Amino acid sequence: MSVINLIKILYLMEYPIDLAGGGQMSTKTLCEGIVEKSSGGLVEGNNFIPVVCCPRLLTSKEEDYDFEIVTYDSDENREDTRLRRIVNFLRRIGSFYKIIKEEKPDLIHVSMSESLITFGFLRCLGFFSKIPFVYTDRGLAYGYRKHSKMCIKATLKHADKLITTTSYNKSLWEKESLKCGIEVIPNTISKAFNDYDSNRREEKRKEYNISDDELVIGFAGRISEEKDWPFVPKLVKELAKTNVKFKVALVISVYESGDIKQVEDIKAGIIDAIGEENLIYMQDLSQEEISDYYYLVDIFVMSSMFESFGKAAVEAMSRKCSVISTNVGGLKEVIAKEENLYTKETVDRFIDRVKYYCENKEELKKDREFFFKRYKDNYTIDANVSKHIALYNHILRN
């Protein structure tokens, strides 16, 4: 009679898992995938049980999820005073200690940087030294403030593995001479993007009165400094000067009252360049809604000034969009097509690429298929979950 090993993986997070964001979404999708694989049968003799530890949920309920969620009280992570930041940090340390003691996980997966520093305070003092742990760095090694990086490196001395989402970030961390090994596992996108519906493009474009030969350029993301949204109207204006005819499909997620003013400025700049009739605007879409949005788009454009991975680019690929992106961070690796990269100083590369597509419609079709294949070959949920499970098993065996 075979022995079933129940393996509990505890995921530590400093943001609620139902708050929109790449780290939260990737962790949620990973846990869903692990539950699905485990329910379908044992994985190398193990049955994995994911448990997420995060601040209290914002809009959803714990029972809405296929996996267990353990919550704790937390302030915002953008506290306006040093005292509030320190108090919240100390409170999180106490919460992590209590939850880890109660849950008794077989392995800890730290999903965010502040959570790593919090857990690191405990681990460096000798607590939970018998529990192996891994950390996924969803940023870039050079993107941390000096004291944060010092704390991260001190904690990683005790880690069993550092996971990076790109080989580019792996190469950055390798220069830091870490004691733990480094594994590359790309971010994953929501299961809402799993299946491509060949009829959905025609349906969505008909819904918005877009003919098949009209060019639609897409921009999507949350309001944040890294996304460089003020640059988007400038890109649109420069392209409009070339007499290329196109519509813009714009999706923005907002979180704070000040975000609304930025949205209005972005919309006004685009309308000034191409007219209100050529702007399609949507806001705060669900994952299902945004997966439908990409069916409208021919060319998806990223304007980020800092991007560790570029989840939106992968979402667009999954819906057969061609992707043109700024050449920053891990985006070059994700895009993997030099002709489709530009910088703020070389906007003409962006303009020339779009014009080339307009003059060579067959090339646009080929590139849309190229990016879709790239998604299927590298960034599916199944590939992401399988790599995590293989890593967990390797660590637990050793």
Side-chain angles (χ1 to χ4, degrees), residues 20-22 189 193 201 204-205 208 210 214-242 244-255 259-285 287 289-307 309-329 331 334-335 340-344 347 349-351 353-355 357-358 364 367-368 371:
I189 57 178
F193 296 89
R201 172 180 164 88
K204 290 301 295 183
R205 288 174 74 99
Y208 285 89
I210 302 168
E214 283 185 286
L215 181 69
V216 179
I217 295 178
F219 299 89
R222 68 184 187 278
I223 290 290
S224 70
E225 184 179 352
E226 292 85 356
K227 304 299 179 185
D228 201 6
W229 280 108
F231 188 53
V232 170
K234 297 176 183 176
L235 275 179
V236 173
K237 187 175 183 179
E238 289 302 310
L239 182 59
K241 286 180 181 178
T242 66
V244 170
K245 302 300 180 184
F246 63 98
K247 293 181 183 291
V248 168
L250 175 67
V251 174
I252 298 181
S253 297
V254 300
Y255 304 120
D259 294 347
I260 302 298
K261 173 65 167 60
Q262 288 193 58
V263 169
E264 293 306 315
D265 289 343
I266 296 162
K267 289 168 62 179
I270 294 173
I271 289 171
D272 182 61
I274 61 173
E276 189 170 7
E277 71 279 6
N278 291 314
L279 172 62
I280 301 165
Y281 178 69
M282 307 173 205
Q283 186 171 302
D284 297 330
L285 301 187
Q287 288 299 298
E289 289 169 334
I290 200 166
S291 72
D292 262 357
Y293 150 80
Y294 286 108
Y295 283 113
L296 292 173
V297 176
D298 296 294
I299 305 169
F300 184 72
V301 182
M302 297 196 69
S303 59
S304 307
M305 65 174 76
F306 180 93
E307 198 77 62
F309 179 73
K311 191 167 71 73
V314 175
E315 291 175 349
M317 291 178 194
S318 78
R319 292 296 175 258
K320 294 193 178 182
C321 301
S322 179
V323 184
I324 302 178
S325 169
T326 42
N327 189 357
V328 296
L331 277 172
V334 172
I335 303 303
N340 287 47
L341 298 170
Y342 72 98
T343 67
K344 290 183 74 170
V347 173
R349 286 178 60 88
F350 160 76
I351 302 295
R353 193 61 178 161
V354 175
K355 287 173 65 178
Y357 282 143
C358 291
L364 176 57
D367 261 16
R368 289 176 56 210
F371 284 110

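The structure presented is a predicted model; accordingly, all values stated were derived computationally and were not measured.
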Starting at NZ of Lys247, measure out to CG of Leu215 and round the result to the nearest 0.5 Å. 11.0 Å
Donor-acceptor check, side chain of Ser303 to backbone of Lys227, threshold 3.5 angstrom: yes or no? yes
Does a sphere of radius 6.0 Å around CD in Glu277 hold more than 12 heavy atoms from other residues, nucleotides or ligands, not counting ones at 6.0 Å or beyond? yes
Return yes if some donor-acceptor pair links the side-chain N/O of Tyr342 with the main-chain N/O of Ile351 below 3.5 Å, else return no. no
Check whether any side-chain heavy atom of Met305 lies under 4.5 Å from a side-chain heavy atom of Thr326, and answer yes or no. no
Are the side chains of Asp284 and Glu289 in touch, meaning some heavy atoms are under 4.5 Å apart? no
Straight-line distance of Leu331 CG to Leu341 CG, nearest 0.5 Å: 8.0 Å
Closest approach of Ile223 and Asp259, non-hydrogen atoms and distance? CG2-OD1, 3.3 Å
Are the side chains of Pro233 and Asp272 in contact, using a 4.5 Å heavy-atom criterion? no
Answer whether the closest heavy-atom distance between the side chains of Ile280 and Ile210 falls below 4.5 Å. yes
Heavy-atom donor-acceptor pair, Arg205 side chain to Leu296 backbone, under 3.5 Å: yes
Could you check if a side-chain atom of Ile217 sits within less than 4.5 angstrom of a side-chain atom of Leu239, using non-hydrogen atoms only? yes
To the closest 0.5 Å, what do you measure between CZ (Arg222) and OG (Ser253)? 9.0 Å
Can you check whether Phe371 reaches Ser322 side chain to side chain, under 4.5 Å on heavy atoms? yes
Distance, nearest 0.5 Å, that separates CE of Met282 from OH of Tyr208: 3.5 Å
Write down the atom of Ala220, the atom of Ala312, and the distance for their closest heavy-atom approach. O-CB, 4.5 Å
Step through the shown structure and confirm whether more than 12 heavy atoms of other residues, nucleotides or ligands are within 6.0 Å of CD on Glu276. no
Tell me whether the rings of Tyr294 and Phe300 are parallel (<30°), tilted (30 to 60°) or perpendicular (>60°). perpendicular
Check the pair Val347 / Phe231 against side chain to side chain contact (heavy atoms under 4.5 Å, CB included), numbers first and verdict last. CA-CA 11 Å; Val347 173; Phe231 188 53; 3.6 Å; yes
Worked verdict on Lys311 versus Glu315 for salt bridge (Lys or Arg N to Asp or Glu O under 4.0 Å): CA-CA 6 Å; Lys311 191 167 71 73; Glu315 291 175 349; 3.0 Å; yes
Please evaluate residues Lys241 and Glu238 with respect to the criterion salt bridge (Lys or Arg N to Asp or Glu O under 4.0 Å), reporting the C-alpha separation (whole Å), side-chain torsions for both, the decisive distance (0.1 Å), and the verdict. CA-CA 5 Å; Lys241 286 180 181 178; Glu238 289 302 310; 3.1 Å; yes
Met317/Val334 under side chain to side chain contact (heavy atoms under 4.5 Å, CB included): CA gap, chis, key distance, verdict: CA-CA 10 Å; Met317 291 178 194; Val334 172; 3.8 Å; yes
Taking the side chain as everything from C-beta on, heavy atoms only, tell me whether Val323 gets closer than 4.5 Å to Asn340. no
Full working for side chain to side chain contact (heavy atoms under 4.5 Å, CB included) between Tyr281 and Ile270: CA-CA 11 Å; Tyr281 178 69; Ile270 294 173; over 6 Å; no
Do you know which two heavy atoms are closest between Val216 and Ala249, and how far apart they sit? CG1-CB, 3.9 Å
For the CD atom of Gln262 and the CH2 atom of Trp229, what is their distance to the nearest 0.5 Å? 10.5 Å
Worked check of side chain to side chain contact (heavy atoms under 4.5 Å, CB included) between Gln283 and Ile260: CA-CA 10 Å; Gln283 186 171 302; Ile260 302 298; 4.2 Å; yes
Walk me through it: do Arg201 and Asp298 pass the test salt bridge (Lys or Arg N to Asp or Glu O under 4.0 Å)? CA-CA 10 Å; Arg201 172 180 164 88; Asp298 296 294; 2.8 Å; yes
Partner of Phe219 under side chain to side chain contact (heavy atoms under 4.5 Å, CB included), chosen from Val236, Ile266, Val251, Ile252: Val236
Considering non-hydrogen atoms only, spot the tightest contact between Arg319 and Ser291 and give its length. NE-O, 3.2 Å
Which distance, rounded to the nearest 0.5 Å, do you find between the CG of Leu364 and the CZ of Arg353? 9.0 Å
